[in-house]
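This report refers to the structure that appears directly beneath it.
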Amino acid sequence: MIRKTYINYILLNLIKMLDKNYNAADVEKKWQDYWEKENIYKFDPNSKKKIYSVDVPPPYASAGHLHVGHALHYTQFEIIARYKRMKGFNVYFAPCFDDNGLPTEKYVEEKLGVNKNTVSRSEFRKLCIEANEEVERIYRDKVFKRLGHSYDWNLLYTTIGNEAQKVAQTSFVKLVKQGDCYRAEEPTIWCTYHQTALAQAEVEDLKRKTKLNYIDFDLENGEKINVATTRPEFLAACVGIFVHPDDVRYEDLVGKNAVVPIFNQKVPIMTDEKVDKDFGTGIVMICTFGDNTDIEWWKKHNLPLKIIIDKRGMLNELALEYKGLTLNDAREKIIEKLTKEGKLKNREELEQTVGSCWRCNTPVEYIVTKQWFIKALNYKNELIEQGRKINWYPEFFRVRYEDWTKNLGWDWCISRQRFFGVPIPAWYCNKCDNIVVAKENELPLDPLEIDRGKCTKCKNGELKADEDVFDTWMTSSMTPQITARWLEDPLNYKKKFPSSLRPQAQDIIRTWAFYTILKSYLHFKEIPWRDISLGTFVLDAKGRGMHKSKGNVVWADILLEKYDVDTFRHWVGKAKWGSDIPFKEEELVNGKKFLTKLWNASKFVLMHLENYDYSKPNKIEDIDKYYLLKLNDIIKTATESYETYDTSEANKAIESYFWHDFCDNYLEIVKDRLYNPNVRGGESRKSAQYTLYKILSNLLKLIAPVVPHITEEIYHVDFAKNEENKSIHTAEWPKEEKIDGKLIIEKGDLFVKIVESVRKIKTDNKKSLKDEIVLTLDNKSLDLLKDLIDDLKAVTKAKEIKKGEFNTEF
RNA sequence: GGGCCCAUGAUCUAGUGGCUAUGAUGUCACCCUUACAAGGUGAACGUCCCCGGUUCGAGUCCGGGUGGGCCCACCA
C-alpha cells in the first residue's frame, strides 16, 4: 500500500500532472485571481460578434448573510452567461447594486446617527453613497467573486448612481411630455407609518382577527336599522348606506335617509349589486374611505367626500370630539359611547384579511392626495400583446403576467413621500395650478436645490420644489436602459437593447417584469428583452418557504465555508428553472463526489496522453467511434437544453455520459491498449489517446459553465496550450463532429450489453471483476463484433472467446 | 372566491400516449479492479394521491375530488 502510493507519487512528479487530490481552495483562489488579472470576462465593445446582454437584477448589497436562494439564482443565470460566451457571443454581463432603497436609508440613519431633519437630501445621498461603497466592495469580493461569477466589473452600475437617477428622471420628464404621466388628486393607498403613498404592488395581505360591530342607525321616521361594520371609527366619514336591490327585507328603506350615530349626519340609503345579503345584517355603510369598495361606490354613486384622517392616520376636526386620536383609539372610544347609548347591539369575532404595507405591515388607509401616476390602465391590451412577443421560460408564467395586467385597477402611482430616493424633478406654483417639469438636459437634479423663482404663468406665485421621491420601481423598471447605457452611450446602446435575457424571481412578475414591460412600451413601443426566465425558488428541507422569522433560512456564505464553490455550483446546475426545490444539504455530497470523479478521471486521461502527439490516428477503433458518436448526442442534448435555459437537463445528460459511459465503461475498455503500447501495433493505442483527448476536452467544456474552477485547472495542464487559449471559458462550445463507420451503434450497444452481463455474472458469483473467464458468444454476435474482439477480451478478462451459446465460465 | 403550478420507491427526482416506470441519496451484499473505497458491480424498496372518462393502450390527455405551494381578489 505504502509502496504503491510512493510509486504513484514519483510518477506524478516526473510527468507534470494533476495533483493526487483536488485542492479546491487553492485552485479556486488561483483562477479567480487569474480571471481578474487577465480580464477574461471583459466586454469588447469593438468586437464583431453578436451581443448577448443580460438585464441583471440589482441586488441589495448587505453586509449580512447571503440567502441560499439568492446565491442559487444569481449563479443560475451566471451559468447561462458563461454558456453564451463559449457559444461565441459577445456577452454583456454588467454587475449592479440596488442601493437606493429603504434598507440603505435605514442603515445610514442608524449607523451615522443622522436623519432627514439634520442633513439635506443631497448630503444624505452622499453619505449613502459612501456607506454603500464599502458594503458593495465587501459584497463583491465575498459573494460574487467567491461564487466565481464572470461579470465585467468595468460595467458596474448602482441605482443610486448618476446614470440611474438620470434615466429615472428622464423617463418621468418624457412621459409627462407625451401625456402618459399625470398628477392628480385621487384616493391613494397610504401607509400611515411611512406616511407615503403606495402602489398596488406594495400592498400585502395581513390576516388578523377583528370585531364585527352591529350598530343601530335611526331613520328620519323614528325607525331603526342595524348596520354591521368592522370600522366604527369611520362613522364620521359615513356618506351612504347600501342594501342589495333584491333584498326583500329592506325594500322599503331604499330612498330614505338614515342618521349616523354620534355624528348625526343624514345619509341616503341606496342599492348596489355588490352588497352581500348574507354578510352581517345585509346593510352596509360606506365611508370615505374605509376600503377599496368604498372608493368604487363613492365614484359610482357620486357621493360627497368626507376625509376624517390625516397623513399620520390621526382623526381631524371632522371627527369632532375624537380629533387627534389614532384610528385604534377612536374605535375604542366610539364603541364605548355606542354601548353607553345602547346602539351597539352585538359584537362578533371576525377573521379578516386587510391590505398592509409590505415594509412595515401597517394596514393601509386611503387618503386623497396629489400624486404622480403613470398610465397603465389605458394600455392593458397593448401590454398583454407585448408580453406575448417575449419568450417566457417556463411559458406558463406569461399567464401570471397576463392575469395581473388584466386585473389592474389603478394606474401606477410613482410618487412617494419619502426623504431618500430619486427626487421628482418638478416645481409647483403656490398660487395657481402651474406645474413646471425639468428639462431633459438639466438632469439629474434635485429640485429642492434649484430656485425657479416666480411662476411664469400667473406671474404672482412662487415655484415650490416637489419634496417627494420616486417609487424605487421607477428606477428598476429602467434596468435594461440603465445597464445598456441609454443616455450615456446612445450609439452602442442600440446594440444592447432589447436585452437578450431578463432573469428574475417569479414573485415580482407583477412589479419588476410588469413595470419594465410598461416602460419600454411607453418609451419605445418595444419589448425590453427577448427572453425572460424565472429562476428557481429555494424552500427548506420540508418544502416550506425560508423566512427569518421561522428560523429556517440557510445562508450561502456559511455553506461555502463547508463546501467548495464548484460543489455548490454543481447543485445549482441541477436545479430546474422556474420550479421550487427543497434544500437538503446532503445533496451537496453529489457535487463533491462529482468533482472527485472528474479530477481522477482527468488525472488518468492526462497520464496516458503524456507521449501523445495530438495528431489523428490512421485508424480509429470502432469502440472509440462508438463513444465519440455518443458524445455527439450529448453535445446536441446539452446545447438544445441550454438554449431554453434548461441547465438541469443539460447537466444531467452530460454527467450521466461522463460518469457511466466514459468512466465506468470506456476507460475500462481502453486500459489494456493504454498500458500495453505494443498491442495491435501501437496504432490502437493512439486511437485511444485521440479519443480520450477528444472526449475529455469536450466534456470539460460542456461542464465548464457550471464548475468553472476545476475545469480551468484541468484544461491548463494540457489542452490550453494546444488550443492556444488563455482560458477554457473563452474556448469554443463543443460541436458535433462527423464520424463514419457502419453499424457502429449496433456494435457498441451489443458490446456494452455483453460487458454488463459478464459483470453481473461475476458479481452474482462473488468473483472479482478482474477474474479471468472463458466467454462463449453466438455466431451473430461474433460476426458483428469481429473487429472488437481484442477490446472485448481485455475488458471482460476473457482468456478465450468461443463460438456457441452465450456463456461465461471461470 | 379566481388563476397558475405540483403530487412518481424511505427521501429528492426524470418521464412531452406505446416494450420490464429514470436517475440520485440512503439501505443491503459482494469486489482493494495498475484514475478514483469520496470508488466499482449488483440487489431490495413503486396501489405513479383518489374516483370517473377518452383510447387498442394513460404516470402522461379530459372531468371531478383530496392534499400542498405560489400569485391575485376579498365581506363592509
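Every chain is numbered from 1, with letters handed out A, B, ... down the list of sequences. Keep in mind the model is a prediction, meaning the values are calculated, not measured.
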Review point. Angle class for the F289(A)/W298(A) ring planes (parallel below 30°, perpendicular above 60°, tilted otherwise)?
Key: perpendicular
Check your understanding: Say you draw a straight line from OH of Y627(A) to CG of D624(A); how long is it, rounded to the nearest 0.5 Å?
Key -> 10.0 Å
Exercise for review: With P as the reference atom in both, quote the distance from C5(B) to G15(B) in angstrom, rounded to an integer.
Suggested key: 15 Å
Revision key, fill the gap. Its contact letters, B for base, S for sugar-phosphate only and - for none at protein heavy atoms under 4.0 Å, make nucleotides 38-45 of chain B read BSSBSS--
Practice item. Rounded off to whole Å, could you give me the OH-to-P distance for the Y401(A) and C70(B) pair? Key: 24 Å
Exercise for review: Could you check whether N292(A) gets within reach of a base, just the sugar-phosphate, or nothing at all, counting any heavy atom under 4.0 Å?
Suggested key: sugar-phosphate
Point to revise | C4(B) versus U11(B) - spacing of their P atoms, nearest Å | key: 29 Å
Practice item. For G63(B) and C6(B), measure between their P atoms and round to the nearest Å. Key: 14 Å
Revision key, fill the gap. Under the rule of Watson-Crick or G-U wobble with both distances under 3.5 Å, where | means paired to another strand and [ ] a crossing pair, RNA chain B maps to (((((((..(((.....[....))).(((((.......))))).....(((((..]....))))))))))))....
Check your understanding: Is the number of heavy atoms from other residues, nucleotides or ligands under 6.0 Å of K300(A) NZ greater than 12?
Key -> yes
Review point. Rounding to a whole Å, what distance do you find between W577(A):CH2 and C70(B):P?
Key: 21 Å
Review point. In terms of heavy-atom contacts, does NZ of K380(A) have more than 12 from other residues, nucleotides or ligands at under 6.0 Å?
Key: yes
Point to revise | Residue pair E348(A) / Y214(A), side-chain donor-acceptor N/O under 3.5 Å | key: yes
Check your understanding: Can you tell me if D403(A) and N407(A) form a side-chain donor-acceptor pair at under 3.5 Å?
Key -> no
Review point. Quick one: does I634(A)'s side chain get under 4.5 Å of F658(A)'s, heavy atoms only?
Key: no
Point to revise | Pairwise P distance, C75(B) and U66(B) [rounded to whole Å] | key: 26 Å
Protein-nucleic acid N or O pairs under 3.5 Å, nucleotides 5-15 of chain B:
residue : atom : partner : partner atom : Å
U11(B)  : O2'  : K584(A) : NZ           : 2.3

Point to revise | Same-atom distance (C1') from C61(B) to G17(B), integer angstrom | key: 8 Å
**Study point:** Residue mapping more 5' on RNA chain B - nearest nucleotide basis, W404(A) or T210(A)
**Key:** W404(A)
**Study point:** Inter-nucleotide P distance (G18(B), G59(B)), Å rounded
**Key:** 11 Å
Check your understanding: So, does H301(A) use its side chain to make a donor-acceptor pair with the main chain of L303(A) at under 3.5 Å?
Key -> no
Exercise for review: May I ask you to say what W599(A) touches in the nucleic acid, namely base, sugar-phosphate or nothing, with a heavy-atom cut-off under 4.0 Å?
Suggested key: nothing
Check your understanding: Between the side chains of T647(A) and W577(A), does any donor sit under 3.5 Å from an acceptor?
Key -> yes
Review point. For W512(A), is the NZ or CZ atom of R502(A) found under 6.0 angstrom from the centre of its six-membered ring and inside 45 degrees of the ring axis?
Key: yes
**Study point:** Atom pair distance, as rounded to whole Å: OH in Y250(A) and C1' in A76(B)
**Key:** 13 Å
Revision key, fill the gap. With W571(A) as partner, the option from L559(A), L72(A), N590(A) fulfilling side-chain contact (heavy atoms from CB on, under 4.5 Å) is L72(A)
Study note, to complete from the structure: Looking only at C4(B), A76(B), C75(B), the nucleotide nearest the V399(A) side chain is C4(B)
Practice item. Could you check whether C663(A) gets within reach of a base, just the sugar-phosphate, or nothing at all, counting any heavy atom under 4.0 Å? Key: base
Revision key, fill the gap. Ranking C72(B), A76(B), C36(B) by distance to the side chain of V284(A), first place goes to A76(B)
**Study point:** Test: K671(A) cationic atom under 6.0 Å from F604(A) six-membered ring centre, within 45° of axis
**Key:** yes
Exercise for review: Would you indicate what L667(A) reaches in the nucleic acid, counting non-hydrogen atoms under 4.0 angstrom: base, sugar-phosphate, or nothing?
Suggested key: base
Point to revise | 5' precedence on RNA chain B between R400(A) and K770(A) (nearest-nucleotide basis) | key: K770(A)
Check your understanding: Whole Å only: how far is the CD atom of E668(A) from the P atom of U33(B)?
Key -> 11 Å
**Study point:** Rounded distance in Å between the P positions of U20(B) and U25(B)
**Key:** 27 Å
Check your understanding: The side chain of N590(A) lies closest to which of these nucleotides: C75(B), C36(B), U25(B)?
Key -> U25(B)
Exercise for review: Show your reasoning for whether ring-ring contact (aromatic ring centres under 6.0 Å, His included) applies to W412(A) and F514(A).
Suggested key: CA-CA 11 Å; W412(A) 173 20; F514(A) 175 79; 7.9 Å; no
Study note, to complete from the structure: Checking U33(B), G3(B), C30(B) against the side chain of K766(A) (C-beta onward), the nearest is C30(B)
Practice item. Between C49(B) and U60(B), how far apart are the C1' atoms? Round to whole Å, please. Key: 15 Å
